[in-house]
Amino acid sequence: MHHPPATRHGHGHDAPPPAASWAPLALLVVAQFMVVLDITVVNVALPSIGDALHVAGSRLQWVVTAYVLLTGGLMLFGGRLADLAGRRTVFLAGLGLFTGASLASGAASSASLLVGARALQGAGAALLLPAALSLVTTIYAGHQRAKALAVWGTVGSAGAAAGVVLGGALTEALGWRAIFFVNVPIGLAVAAAAMRTLPGLPGAGVRGGRLDVAGAATLVAGLVTLVLAIENTADHGWMSASTLAMAALAVSLLGRFAAVERTAARPLVDPATWRNRPLVTGAGVMLVATGILVGALFLGALVLQRAMGASPLEAGVGLLPLAVAILGGVHVASHLLPRLGSRWTVVAGLLVAAGGATQLASAPGDPSYAAHLLPGLVVLGAGVGATFVAVSVAAMADVEPEQAGLASGLMTTAHELGAALGVAVLGAIVAAALNGGGGADLVDGCDTAFLVAGNVAAAAALVAALTLPSVRPQPGVAHGIH
């Protein structure tokens with residue numbers, strides 16, 4: 001669901017560059033579609049996976065979290081590696097890892113093996129995505145580049161929408177393992193075609209001190225520990241000794257990451273980036289909005305199948321309006337931005353999303369899809385879609401052209417990490433409600449989680465109102481969703 005920022009490339013009075021073949025773009029977007037699809041395709045299959053592998057409670061969310069956590073945690077590292085080792089090389093390496101891990105995911109005989117394979121899938125995605133986008137911007141120039149980036153963005157959104165339906169259809173027709181096995185022939189075909197089609201563009205060369213391995217390792221370790229601390233609250237509470245100990249370790253590891261970044265010769269993120277308040281705030285808003293969105297997909301799939309008895313395909317179709325509403329929110333925001341500016345469009349989007357989450361939180365113990373789920377899903381999706389496009393504009397307001405790639409990478413990282421943390425936090429809230437006694441059922445737990453999501457969205461709207469710049473782009477200018 002993340003699109004690159006719009007860029008302008010002028011050639012002065014020089015002759016336009018020769019047109020490049022569209023074949024490389026076709027391969028790259030197919031690979032991108034697989035990666036984006038795997039964020040949402042699993043949500044609908046989770047109940048079936050839980051039944052087959054005997055996984056319950058908050059531990060089930062790791063099937064989603066492991067993937068997006070490794071994707072987001074290693075995204076900046078993958079982009080840096082692509083610059084140094086060569087974009088084609090890193091793309092093929094990421095594609096190979098993703099395809100092999102998809103095979104391992106489908107063949108997993110236990111929850112632990114599945115989560116481990118999903119983590120490897122995420123690592124492959126973290127190599128594949130930035131390398132693919134770098135190839136797009138390197139192979140194409142001028143008007144071709146603008147068209148290629150538009151296609152890239154469209155496919156990113158389409159993958160999210162298609163995932164909920166395809167996941168349900170494959171799970172119902174062939175079983176949950178099919179959602180992973182389907183990547184294998186596609187990945188092999190793309191790899192074979194890529195070796196013939198993609199140009200072998202050289203990298204700068206990986207030399208000692210230029211690749212921030214320590215920074216990437218401490219960031220991932222800190223994030224994984226943080227999610228473990230959140231999960232621990234389901235059984236032991238937020239203030240238990242074990243939760244506090246894991247939270248302290250997570251803070252220590254993330255602090256170590258910050259220290260490594262200050263001293264690294266080539267840090268993952270330029271230290272000056274953290275002084276760009278619109279970019280940092282925008283990344284925070286992106287994290288919150290994505291967390292609410294992917295968390296809502298996670299909770300919605302559970303309610304539809306566990307509480308309402310929907311089949312996987314019915315659940316996928318039931319969640320499709322949320323994905324479609326995101327595109328509607330993007331369209332509306334593109335017209336509001338020139339009038340309201342980025343700040344107030346973000347605020348409006350977050351408040352609309354908060355309203356949708358609050359509507360979902362009002363579902364009774366025996367909910368009706370049309371009366372209790374559908375309105376909230378549509379409103380939440382529209383609000384998140386508007387937020388995505390407007391916060392991208394606000395975040396890039398003070399970014400210099402030479403830093404656009406890094407800033408876009410930071411926004412994409414926030415997007416993926418938001419998905420991981422959203423599922424972790426909302427999943428832990430549901431599990432805590434179920435484990436806490438008092439007769440709470442799944443719908444009660446989800447109601448509480450949706451209410452928390454609405455309050456977080458409202459708080460993020462307040463922060464955005466106080467800190468984000470108000471940029472008014474010209475009507476008709478394209479804006480990307482990171």
Side-chain angles (χ1 to χ4, degrees), residues 39 42 46 50 55-75 111-112 114-116 118-120 122-123 126 214-261 268 283-284 286-296 298-299 302 413-437 440 445-446 448-453 455-457 459-460:
I39 298 175
V42 176
L46 280 178
V55 188
S58 61
R59 288 163 186 79
L60 188 60
Q61 55 92 3
W62 274 101
V63 180
V64 177
T65 302
Y67 179 76
V68 288
L69 194 60
L70 268 291
T71 303
L74 293 175
M75 184 74 70
S112 297
L114 177 57
V115 170
R118 285 285 285 167
L120 289 176
T218 52
L219 175 60
V220 171
L223 291 169
V224 170
T225 307
L226 176 61
V227 174
L228 284 170
I230 293 170
E231 180 190 351
N232 192 67
T233 64
D235 294 323
H236 303 288
W238 289 94
M239 300 306 294
S240 68
S242 56
T243 297
L244 293 175
M246 280 190 281
L249 179 58
V251 170
S252 176
L253 288 167
L254 294 173
R256 177 60 183 161
F257 165 70
V260 168
E261 292 298 283
L268 294 178
M286 178 65 76
L287 186 148
V288 168
T290 310
I292 291 170
L293 170 64
V294 180
F298 174 74
L299 299 179
L302 292 179
T413 297
H415 183 280
E416 303 301 313
L417 295 182
L421 294 174
V423 172
V425 171
L426 298 184
I429 291 171
V430 174
L434 294 175
N435 295 339
C446 289
T448 302
F450 277 125
L451 186 60
V452 170
N455 289 334
V456 170

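- Atoms OG and CG, from S252 and L254 in turn, are 9.0 Å apart once rounded to the nearest 0.5 Å.
- Here the closest non-hydrogen pair linking A460 and V288 is CB-CG1, 4.0 Å.
- Taking CD of Q61 as the start and CG of L299 as the end, the distance is 11.0 Å to the nearest 0.5 Å.
- Without hydrogens or angle criteria, E261 side chain to L268 main chain gives a donor-acceptor distance under 3.5 Å.
- Between atom CZ of residue F298 and atom SG of residue C446 there is a gap of 8.0 Å, rounded to the nearest 0.5 Å.
- R118 contributes a side-chain N or O that, together with a main-chain N or O of V63, makes up a donor-acceptor pair within less than 3.5 Å.
- When all heavy atoms are compared, the tightest approach of A229 to M246 is CB-CB, 3.7 Å.
- Remark: the backbone N or O of M239 is not paired with any side-chain donor or acceptor of T243 at under 3.5 angstrom.
- In plain terms, the two heavy atoms of A433 and G445 that are nearest each other are CB-CA, 3.7 Å.
- Summarising the geometry of A123 relative to L70, their closest heavy-atom pair is N-CB, 3.9 Å, with the distance given to 0.1 Å.
- In this structure, L74 and A216 approach most closely via the heavy-atom pair CD2-CB, 4.1 Å.
- We find the CH2-CG distance between W62 and L228 to be 4.5 Å, quoted to the nearest 0.5 Å.
- One distance of note links CZ of F450 with CD1 of I292; it measures 10.5 Å at 0.5 Å rounding.
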> Do V227 and L421 pass the side chain to side chain contact (heavy atoms under 4.5 Å, CB included) test, and can you show the C-alpha distance, the side-chain angles, and the key distance before you say yes or no?
Replying inline: CA-CA 7 Å; V227 174; L421 294 174; 3.9 Å; yes
>> Apply side chain to side chain contact (heavy atoms under 4.5 Å, CB included) to residues L219 and L223 and explain how you reach the verdict.
In response: CA-CA 6 Å; L219 175 60; L223 291 169; 3.9 Å; yes
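- The main-chain N or O of G215 is found under 3.5 Å from a side-chain atom of T218 such that the two form a donor-acceptor pair.
- Looking at every heavy atom in both residues, L426 comes nearest to G291 through CD1-O, 4.5 Å.
- Atom OG1 in T225 sits 12.0 Å away from atom CG in N232 (nearest 0.5 Å).
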>> Show, in sequence, the C-alpha distance, side-chain angles and deciding distance for L69 and L417, and conclude whether the side chain to side chain contact (heavy atoms under 4.5 Å, CB included) test is met.
In response: CA-CA 6 Å; L69 194 60; L417 295 182; 4.2 Å; yes
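- Side chain of S240 to main chain of G237: a donor-acceptor pair is present (N/O by atom type, distance under 3.5 Å, no hydrogens or angles).
- Contact annotation: the side chain of V68 never approaches that of V294 to less than 4.5 Å [non-hydrogen atoms, C-beta and beyond].
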